[in-house]
Amino acid sequence: MWVLRGLRNGVVTTRWPAKPDPYADEWRGPATVLDGGRGTAGERGTAGERGTADRLDQLCPTGAIDQREDGGVTLDQGKCICCGRCVTARPELFGWARGPASGALTRGGLVVPEIAETDEDLAQMRASLRGRTRALGRSVHLRHVDAGSDGSEEWELQALLNPVYDVHRLGVFFTASPRHADVLIVTGAGTRGMAEPLRLTYQGMPDPKIVIAAGTDAVSGGLLADSYATRGGIGEILPVDVWVPGSPPSPFSLLHALLLGLGRLPDRQSAEVTP
Amino acid sequence: MTPVTAATLGAVLAQQVAGGSRFAGLFGTAEPRGVLISAHLADSGTVRTMNVLLPAPGDNYPSVTVRVGAAFWYERELQDAFGLVPVGHPRPEPLILPLPNGAGWHPRPGEQVDAPGVAADPDPRALPRHVTGPGLFTIPHGPVRSGVLESIEYLVETPGEDIPHLNMRVFYKHRGIEKRFEQMPAADGVLLAERVEGTASVAHALAYCHALERLAGCEVPLPARLVRMLHAELERVAGYLDVTARLADAAGLAVATARFSWHKERVLRLVSRLCGSRFGRGIVLPGGIGGLPLAGSAEVLAETARLEKAIGADSAALMGTSSFLDRLRGTGPLRPERARAHGALGPIGRASGFADDSRFTRPYDAYPAVEPAQLSGHADGDALARLRVRMDELGQSFGLIRRAASELGQVAGQPLRADCEPAEGRAVGWAESPHGEVLYDVRLAGGRIVRCRPRSASFHNLVLMHEVFAGDILTDFPFIEASFGLCVAGVAL
Ligand code: SF4
């Protein structure tokens, strides 16, 4: 009975990234700054308008938005919990990034508009990652550790196994044993209680290994950053290779981050921007 | 009635519970005068709060657990958070924050002081080992789990010839949520509430907002009440499908697992189609909602009809798979009298004949107008009954989704939010999550949060795992854990 029922699932599997997938492409990712962070913010003149503009820094509950000296605005997507306040309050300035390509290979790569990173740093980092991914075969084993998530990140990771995403088709498998794992995918803001178990899991993995910080909490600590109980993201505990924001990140964003870490995609596939 | 004191609290609560009230929580708040201990009792129509001040520098009081067993974890949490010792408690060891002996530091939620630079690194060595000696052993499972699961440690203590005892260590995920709420503007609190248990974001946002709305005395407009019900029920459907998929997975039924995970994916996609978030975040705001569904009623009705049909067919197939039913039948039984005494919440309580569904006993939003469906009332208390309860309720939820979607088509043009900016006061709010009732005790001053204590159904129910564990961690345990279907994030906060 179950065998027959199973056959009907074949058609639901996405072909992304080989073929575009509308759900992936339309996904409402973290907030972004429209128009390179200048636009109206640069033009503000009257005291009244300045009043509004001065509150830009206060708009975001996690402090992701920053107003530069020159009047331009930056947004750290690694801190964005996708609450939408900036998009609602200042639609001329902020919009949603669309698509699955929200992850980046550097923490700074999550700041929009892009901050100047020295090319050597980026090149060095890419070379280091390439050195490690070359050693991995077509089939890759993933170990997940929850370091203080809200529980939704686990759902989105588990979703990668459902017939829609079916990561097995890409040669990706979850493993229970750190000794067989190539990739460590970590969720949660980095509770102090999980710091030691997380470190032990990392140490138990053979080299070379890749670490993915999955979700805004794992990237920066999100709303919980830096308290007596929680660190400001797992980067304070482990060296991170791929940073993927989202609250939680969608399965497609996780898949993108994974392929990015494995060197099977370009960094920051151009994310389309819509208001 | 004579005022309740710390000395009489246990006796008074026991009397209330014997009289039919449900013990719903025991929380503390640090105040300049001492620690205010608040006990919550749920009745038909309302939740009552009893307050007892333990004057500073008092640090102990007679344990409530001695008389009301359901307070077992609550008192351990009070001890970690405030340093209060429940005298006579059967196992007064740290629960959410085991600090090295003599650390002497406690987060003391309610005390409006920042603690910059305090790093409270939990130390498992601060926890006593109860089972020591030759031939006696303890087997740990976790905190890093073998599947994609939240972190928790289960310790099976095997004291010689006796039945093994299950000890749960939940402190690994303690995130300091209660202190984080403090001093937040009241409007921001909902963002954190949504993240207390990410798989019950809507229910947590609702319970928090209900408390604010009670304080403001505002009436949520009808379209907002309908949209809230729509999202709350979609969240329930997703949660129940998750439990079903996990149970099928535990039984090694690959196709059934795939199909139920696919249905769950479709629900999450529908939710994201409606509001941009797969978890309904940003929908519930104090006084109403953030916006109408981005898809029209017709689309919602069509997709839910397709889903319900597909789920119905697969459920019938699953419940006709005898090898599956055999694994669940008799597994992890919770006796009805234990469920009642503990006030077991949600599907766990209902599967043991104890039903206090706050949607219907203390209705809110669009639920007052809803007649609860007549469910068949499975009450065997085992993993199978817990699944059957959920399957029955899936049908009820689909009915409520249909109802909300069709009524929404008739309320176009009405406002979506009432003014809700309370500045002062204290109120309790609740909502029925997929795991059971979520309770929020919120206190404001000057428009900011002074104290916010969320109590998840997961915290209240997880401790019942002690009761139903029969000593076998390998074979039965995955079914018990999946059939409880709780969220670890909501436990140690
Ligand atoms: S969406 Fe919310 S969290 Fe993200 S940048 Fe805008 S205000 Fe900040």
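In what follows, chains are A, B, ... by sequence order, proteins preceding strands, each numbered from 1. Every value quoted in this text rests on a predicted model; they were computed, and no experiment measured them.
Only the side chain of A/T201 comes within contact range of chain B, with heavy atoms under 4.5 Å apart. Using a 4.5 Å cut-off between heavy atoms, B/A238 touches chain A through backbone and side chain atoms alike. Both the backbone and the side chain of A/S247 have a heavy atom closer than 4.5 Å to some heavy atom of chain B. Using a 4.5 Å cut-off between heavy atoms, A/P178 makes no contact with chain B at all. Residue contact with chain B, scored on non-hydrogen atoms closer than 4.5 Å, is absent for A/L161. Heavy-atom distances place the side chain of B/R281, and not its backbone, under 4.5 Å from chain A. Contact annotation for B/A245: neither backbone nor side-chain heavy atoms come within less than 4.5 Å of a heavy atom of chain A. Neither the backbone nor the side chain of A/R231 comes within contact range of chain B; no heavy atoms are under 4.5 Å apart. Proximity to chain A involves both the backbone and the side chain of B/V144, based on heavy atoms less than 4.5 angstrom apart. The contact between B/R145 and chain A is made entirely by backbone atoms, counting heavy-atom distances below 4.5 Å.
Comparing B/K179, B/E194, B/K264, B/M184 by heavy-atom pairs within less than 4.5 Å of chain A, the highest count is held by B/K264. Residue with the most contacts toward chain B among A/S149, A/A159, A/G84, A/C82: A/S149 (heavy-atom pairs, distance under 4.5 Å). The greatest number of non-hydrogen atom pairs below 4.5 Å with chain B, out of A/A176, A/S152, A/G188, A/A229, is found for A/S152. In terms of heavy-atom pairs under 4.5 Å with chain A, the best-connected choice from B/L253, B/L268, B/D242 is B/D242. The greatest number of non-hydrogen atom pairs below 4.5 Å with chain B, out of A/P251, A/G190, A/C83, A/G222, is found for A/P251. For the set B/A489, B/A120, B/S261, the count of heavy-atom pairs under 4.5 angstrom toward chain A peaks at B/A120. The most heavy-atom pairs under 4.5 Å with chain A, out of B/G490, B/G282, B/A256, B/C487, come from B/A256. In terms of non-hydrogen atom pairs under 4.5 Å with chain A, the most contact-rich of B/G276, B/P107, B/G176 is B/G276.
A/T191 places no side-chain N or O within 3.5 Å of a backbone atom of B/K173 that could act as its donor or acceptor partner. Between the side chain of A/R192 and the backbone N or O of B/Y172 there is no donor-acceptor pair closer than 3.5 Å. Checked by atom type and distance alone, the side chain of B/E150 never pairs as donor or acceptor with a backbone atom of A/E154 at under 3.5 Å.
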Show the numbers, then the answer: is there a side-chain contact (heavy atoms from CB on, under 4.5 Å) between B/R278 and A/W27? CA-CA 10 Å; B/R278 285 160 59 94; A/W27 175 251; 3.7 Å; yes
Under the side-chain contact (heavy atoms from CB on, under 4.5 Å) criterion, do B/V488 and A/D146 qualify, and how do the steps go? CA-CA 10 Å; B/V488 184; A/D146 161 23; 5.8 Å; no
Given the rule in the side-chain contact (heavy atoms from CB on, under 4.5 Å) test, do A/V164 and B/R269 qualify, once you have shown the distances and angles that lead to the verdict? CA-CA 11 Å; A/V164 179; B/R269 285 186 175 208; 3.5 Å; yes
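Put simply, CZ on A/R28 and OG on B/S272 are 9.5 Å apart, with the number rounded to the nearest 0.5 Å. Rounding to the nearest 0.5 Å gives a distance of 11.0 Å between OG of B/S277 and CD1 of A/I81. The CG atom of A/D226 sits 10.5 Å away from the CZ atom of B/R180 when rounded to the nearest 0.5 Å. The CD atom of A/Q158 sits 11.5 Å away from atom OG1 of B/T257, with the distance rounded to the nearest 0.5 Å. Separating the CD1 atom in B/I177 from the CG atom in A/D150 is a distance of 8.5 Å, to the nearest 0.5 Å.
Within a 6.0 Å radius of NE2 in A/H168, other residues, nucleotides and ligands contribute more than 12 heavy atoms.
In this structure, A/R85 pairs ionically with B/D188, as a charged nitrogen and a carboxylate oxygen lie closer than 4.0 Å.
In this structure, A/L223 and B/R195 approach most closely via the heavy-atom pair CD1-CD, 4.1 Å. Between A/P248 and B/F279 the shortest heavy-atom distance is CG-CE1, 3.4 Å. Heavy-atom minimum distance, B/P143 versus A/M194: CB-SD, 4.1 Å. Annotation for A/N162 and B/W262: closest pair CB-N, 4.5 Å, computed over non-hydrogen atoms.
Taking the six-membered ring where the residue is Trp, the centroids of B/H174 and A/Y228 are separated by under 6.0 Å.
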